[in-house]
2 protein chains.
Amino acid sequence: MDATLAALADPTRRKVIDLLREGPRPAGELAQAVQMSAPALSRHLRVLRAGGLVRAEAGGADARLRLYTLRQEPFAALQAWLDQVQAFWAEQLGSFKDHVERRQ
Amino acid sequence: MDATLAALADPTRRKVIDLLREGPRPAGELAQAVQMSAPALSRHLRVLRAGGLVRAEAGGADARLRLYTLRQEPFAALQAWLDQVQAFWAEQLGSFKDHVERRQ
DNA sequence: CACATCGTTAACGTCGTTGTTAATCTTTGC
DNA sequence: GCAAAGATTAACAACGACGTTAACGATGTG
């Protein structure tokens with residue numbers, strides 16, 4: 001949970017996540033997409049790997065390429081925590097909820 | 001979105017969120033709960049406020065107290081983004097999904 | 001009014017993170 | 001074998017985040 005949110009805190013890493021939503025991509029292609037040097041992005045990918053958000057698999061044809069793919073678990077865990085937090089409002093159905101909505 | 005995840009990246013701030021799930025609390029009570037000096041927590045609360053995750057309302061009885069409460073919007077926005085990311089797996093119902101599941 | 005209490009801001013030192021260039025390793029192609 | 005390409009690690013400088021103590025403003029209490 002800590003590693004997950006720390007990884008997602010960086011805009012570059014979130015952009016990588018968004019790029020990987022469209023399918024697995026090699027590291028170099030990601031670096032080009034975020035306008036950043038390969039070493040810089042490599043460390044971002046390291047953070048994402050450490051948090052378990054992505055996984056690197058060997059590219060079939062060219063063994064030099066490392067194809068990165070999204071992993072499911074951390075996102076599911078984060079969503080579970082979010083559901084717990086949002087229960088705060090679900091449980092408040094009476095005057096307090098009205099109060100909150102008025103204030104917003 | 002950026003301010004939201006940056007705010008949630010810190011463990012102390014997440015603990016504050018979890019404490020506020022049980023109801024509004026004054027700043028001092030929160031500082032004591034996380035074992036931290038009042039100024040340190042005050043800056044954490046500032047970050048949470050800037051991200052719109054919490055809101056401070058004047059305590060009715062004692063005007064010195066600032067009661068902090070959770071706000072809904074950022075959590076809803078984060079959940080919407082998470083849903084988009086998780087669509088990555090929902091859309092993969094064929095052999096690729098099997099491949100991913102096998103790998104995990 | 002004098003004094004304590006709650007909360008925030010200011011100033012300071014410290015540690016972690018981010019990006020760049022240079023060097024390393026593996027794999028590919030001639 | 002040798003040079004080029006993909007990716008990572010190493011070393012470095014720069015910037016920001018975090019916590020502490022000290023100082024400040026605002027509100028309650030005698």
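Chain identifiers are assigned alphabetically (A, B, ...) following the order of the sequence lines, protein sequences preceding nucleic acid strands; residue numbering begins at 1 within each chain. Below, all heavy atoms of this structure are taken into account, side chains as well, without hydrogens, waters or symmetry copies.
Across all strands shown, A61(B) has heavy atoms under 4.0 Å from sugar-phosphate atoms exclusively, and none from any base. At the heavy-atom level, A40(A) lies under 4.0 Å from base atoms of the strands shown. Across all strands shown, P26(B) has heavy atoms under 4.0 Å from sugar-phosphate atoms exclusively, and none from any base.
Between the side chain of R49(B) and the main chain of R55(B), no donor-acceptor pair closer than 3.5 Å is present.
At whole-Å resolution of the value, CZ in R14(B) and C1' in dC18(D) are 15 Å apart. Look at CG on L65(B): it is 17 Å from P on dA26(D), rounded to the nearest Å. Computed from coordinates, the D2(A) CG to dC18(D) P distance equals 12 Å when rounded to whole Å. Here dT20(D) presents its P atom at 6 Å from CE of M36(B), a figure rounded to the nearest Å. Atom pair D62(B):CG and dA26(D):C1' shows a separation of 11 Å (rounding to whole Å applied). Straight-line distance from the NE2 atom of H44(B) to the C1' atom of dT20(D): 12 Å, rounded to whole Å. Here dT9(D) presents its P atom at 10 Å from CG of L45(A), a figure rounded to the nearest Å. Following rounding to the nearest Å, R64(A) (CZ) and dA3(D) (C1') show an atom-to-atom distance of 12 Å.
You'll find that the side chain of A27(A) is closest to dA7(D), out of dT20(D), dA7(D), dA5(D).
Here the closest heavy-atom approach between residue R21(A) and residue F88(B) is recorded as O-CD1, 3.1 Å. Nearest heavy atoms, L41(B) versus M36(B): N-SD, 4.2 Å. When all heavy atoms are compared, the tightest approach of A3(B) to G51(B) is CB-CA, 3.9 Å.
Nearest-nucleotide assignment on DNA chain D puts the 5′-proximal partner with L67(A), out of R43(A) and L67(A).
Here R46(A) does not reach the OP1 or OP2 of dA7(D): none of its side-chain N or O atoms lies under 4.0 Å away. Side-chain nitrogen and oxygen atoms of S37(B) include at least one within less than 4.0 Å of the OP1 or OP2 phosphate oxygen of dT20(D).
Protein chain A contacts DNA chain C from dT18(C) to dT28(C), reading 5' to 3' and using non-hydrogen atoms of the protein with a distance under 4.0 Å.
L8(A) places a side-chain heavy atom less than 4.5 Å from the side chain of L78(A). Here the side chains of W89(B) and F75(A) are in contact, with some heavy-atom distance below 4.5 Å.
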Let me see the working for D83(A) and Q79(B) under side-chain contact (heavy atoms from CB on, under 4.5 Å), right down to the final yes or no.
CA-CA 9 Å; D83(A) 287 342; Q79(B) 195 163 41; 2.7 Å; yes

